Amino acid sequence: MEYRVTLKIAKIAFGLACQRKKTINSIIKKHPFFLTDSPPAITAFFSFSKDWRKKPLGVSGQRATSSLLCRAEHFSVRMDFKLCRADFYSADDLAVLSMIRLLCAVILSRRGGILLHSCSVLGRRGQAYVFFGPSESGKTTVARLSPDKRILSDETTAVFKEKGRWYAYATPFAGEYGPARCNTGGPLKAVFALNKDSRFSHSRLGVGPASRKLFCSIFLEPCDDAMIERTLGSLQGLCRQVPCYDLHFKAQSRLWSYIDGFIG
Amino acid sequence: MDLLDKQIIRNANIAWRSIEGEALLIDSRQSLIYPLNDVGTLVWEMLDGKNSVNRIIEALCEEFQADTELIRKDAVDFIEGLISLKLADLTRA
């Protein structure tokens, strides 16, 4: 018997199917804000077995556009974009959220978007601010310093373009701050590369430097060169339209008055 | 290695894109990123397997006001570096 649920992330419906009821029930319980009745754009089938590493994935051309094969540390996957299907193989469901995140990253990439290792918040006018950087750069700190703002995520933000404008959206892939409390997003006002410091300062980044910094914060399993090149193109487009800043900050409540002072 | 009359070609397995005149090379197998400056990008874009190293040096001399010998040395060093990192290789005759 197969159990199913559909999650809507960044306006894309991802169907999830598994023969373990416990796995699907856990997803339902942990991510209530992302549940949807919408028909899925793609469905992921999860199979768990001790022999998962021996599962043949088939052969994919280096730059095949209709399928994608990927072997990660704890799972492997074959995605068939014509059939709108992804088959994940793993020993158990411990990495199921990582598998869903990979699927989300790939589908977003194919649609010109990116999944960014970042904190994101909605400002008072519903505009989104994204703060990115490696672990310990201050993403969760920024979330904690934003009690009067809606937190989209403290760990993973979906960024995509719609009708000529860039948006940032919440995802279920959370960090220490806790699971997402909303499934929403807003037009992207600015992007910040985070640096913890003893004082506040900022500088505007050019398209090239901003794209390079952002690339290092993208969730993208290195399994497809065409996807990498497409992602670089998306980044270039994003950085041309949305101002990107290098932001040095102190962990103080003054953070937002500092940002408002130069963003406006 | 005497490269001057050799033709060099980019490794087809390296994803790359030029953004505002500066290329970013991604070696997905090694999970390595190589950012190039504007000069390195000009060289990289000419590594299509048809341009000899001498031709590349001529193009650099036309583009930049600098000592020809210095340009030659820097270009050869750079291309040798790309080859040693397996980002480029000699074309097969």
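FYI, side chains are in, hydrogens and waters are out, and symmetry mates aren't considered; it's all heavy atoms of this structure. On a predicted model such as this, the values are computed, not experimentally measured, just so you know.
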Between B:Ile19 and A:Leu232, what is the shortest heavy-atom contact and its length? CD1-O, 4.0 Å
Taking atom CZ of A:Arg240 and atom CD of B:Glu20, what is their separation to the nearest 0.5 Å? 5.0 Å
A:Cys216 side chain near B:Ile33 side chain, heavy-atom distance below 4.5 Å: yes
Closest contact, heavy atoms only, A:Arg212 versus B:Pro35: CD-CB, 3.6 Å
Closest contact, heavy atoms only, B:Ile26 versus A:Phe215: CD1-CE2, 3.4 Å
Any side-chain heavy-atom pair of A:Asp225 and B:Arg29 under 4.5 Å: yes
All salt bridge (Lys or Arg N to Asp or Glu O under 4.0 Å) counterparts of A:Lys213, not counting sequence neighbours: A:Asp246
Got more than 12 heavy atoms from elsewhere within 6.0 Å of CD, A:Glu162? yes
Could you measure the distance from the OG1 atom of A:Thr231 to the CZ atom of B:Arg17? Nearest 0.5 Å is fine. 10.0 Å
A quick test of your reading: do over 12 heavy atoms of other residues, nucleotides or ligands sit less than 6.0 Å from NZ of A:Lys196? yes
Could you state the interatomic distance from CD (A:Glu229) to OG (B:Ser28), rounded to the nearest 0.5 Å? 10.0 Å
